[in-house]
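Proteins come first, then strands; the chains are lettered A, B, ... in the order of their sequence lines, and each starts at number 1.
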Amino acid sequence: MDAGLIKPFEVTKKPLEPARYMEYVTHPGAGAVTLFAGTVREWTNGKRTMHLEYEAYEPMAEKKLAEIGSEIEEKWPNSRVAIVHRIGALAISDIAVVIAVSSPHRKAAYEANEYAIEQIKRVVPIWKKEIWEDGEEWIGDQAYKPGGEQY
Amino acid sequence: MDAGLIKPFEVTKKPLEPARYMEYVTHPGAGAVTLFAGTVREWTNGKRTMHLEYEAYEPMAEKKLAEIGSEIEEKWPNSRVAIVHRIGALAISDIAVVIAVSSPHRKAAYEANEYAIEQIKRVVPIWKKEIWEDGEEWIGDQAYKPGGEQY
Amino acid sequence: MIHLHYFAGIKEVAGKAEEDIDWVDGTAADVLKWAKKSYPSFDFSSVQIAINEEYVLETEPVKPGDHVAFIPPVSGG
Amino acid sequence: MIHLHYFAGIKEVAGKAEEDIDWVDGTAADVLKWAKKSYPSFDFSSVQIAINEEYVLETEPVKPGDHVAFIPPVSGG
């Protein structure tokens, strides 16, 4: 695994390898690395998901992921961040998103990681369609309102 | 990597491979996996660490790690947990501890993971010696008082 | 001319991911009005507009050559 | 006889990781008293006692055959 060739903020059709992003963010000043992997869950509210389809406005999504990374590196000094999102068809237990954050101290590493997933769900133009046995639907978690209170 | 052969609560002299523990906790009911890696930091309060030595009361430490896992699976239903701690000599950026938690939802996965590291630092009989350029010292983060308020 | 980008449910209703339309002058609100008229079966009520990959208010001017994207509620992660 | 276990700084002061001592009857506090007398250069003030791999209060009885561990403040993670 060559961590040097990693794109730290990427939207990709390829399966995600969490270990590569952990290695990418690890550095001698880090005492804590947190990693979040969003995985495809089979059952949601009693409904069985067969698979998911993710779609993105790719250039804007990558730009927004990088912005979240910059915000984190500013809010939590000496942190390092990588955020990658997979698109296309994903099966149960596949990893949709990986967020890796390193920090000198653990509290910041947890907080910054959670901040990243909240921001992704708010502003990054990526959509998920759930495909069940008897239908399918594009899921809209929440609307982004520029100038509104969410941001 | 054969996740089937993993010991989910272990104290070991071998380098830790985080990906194995992520895979171990991932299951079709999980929508979120969090992983914490405690890494050896070079600088602490202006003092340069050359390396660390970890020591454990191994059977008791593994028992305590498993207890933390059971507590988590009780407090956060449908979570799955693995916690492993490395002992012996560790170099800068080596991983000392890995905590992997899966849960149906992300909030629980973050909370449970942070709970695990707090408990480790409180009750698991593992000790770290910092070796600097000009000396060394066993580090005592905090004392465990049975019957006291910490637990 | 401006370049329009559709995603998720809008893309399915429009039957395409992109299209170019003639454009001289106007705001994001005007583009949205055009889209509502062109694809009446889609509910645009919670759709945001991005111009050249940046979220904008509906009062933002749209100039020829701009990329205008209709962003339905996102659901990544 | 009971089996004593030392770690970290205590192990360095004792010069050994384990030792067995004669034992008929007493509590964890009595074992601690013995250790303080045997290794006076170590500060036992924040040391906890575990009997057979479980933390105990100092009032806990210690029986022949028990494993008694001196647990200085832990620093794992």
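- In this structure, chain C has no heavy atom under 4.5 Å from any part of Ala61(A).
- Lys11(C) and Glu55(A) are joined by a salt bridge, as a carboxylate oxygen and a charged side-chain nitrogen come within less than 4.0 angstrom of each other.
- Gly76(C) and Lys121(A) get closest at one heavy-atom pair: O-NZ, 3.4 Å.
- Annotation for Lys63(A) and Asn52(C): closest pair NZ-O, 3.9 Å, computed over non-hydrogen atoms.
- Here the closest heavy-atom approach between residue Gly77(C) and residue Ala96(A) is recorded as O-CB, 4.2 Å.
- Within the 4.5 angstrom heavy-atom criterion, only side-chain atoms of Tyr54(A), from C-beta onward, approach chain C.
- Counting only heavy atoms from C-beta outward, the side chains of Ile71(C) and Trp127(A) approach each other to under 4.5 Å.
- Comparing Lys129(A), Glu53(A), Arg86(A) by how many heavy-atom pairs each has under 4.5 Å with chain C, the most go to Lys129(A).
- Using a 4.5 Å cut-off between heavy atoms, Ile117(A) contacts chain C through its side chain alone, with no backbone atom that close.
- For Ala17(C), no part sits under 4.5 Å from any heavy atom of chain A, backbone or side chain.
- Val74(C) and Val123(A) make their closest contact through CG2-N, 4.3 Å (heavy atoms, listed as atom of the first residue, atom of the second, distance).
- Counting heavy atoms from C-beta on, the side chains of Ser75(C) and Trp138(A) never come closer than 4.5 Å.
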So Glu53(C) and Glu58(A), side-chain contact (heavy atoms from CB on, under 4.5 Å) or not? Walk me through it. CA-CA 10 Å; Glu53(C) 303 168 12; Glu58(A) 296 185 38; over 6 Å; no

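- When each of Glu12(C), His67(C), His5(C) is scored by its heavy-atom pairs under 4.5 Å with chain A, the top score falls to Glu12(C).
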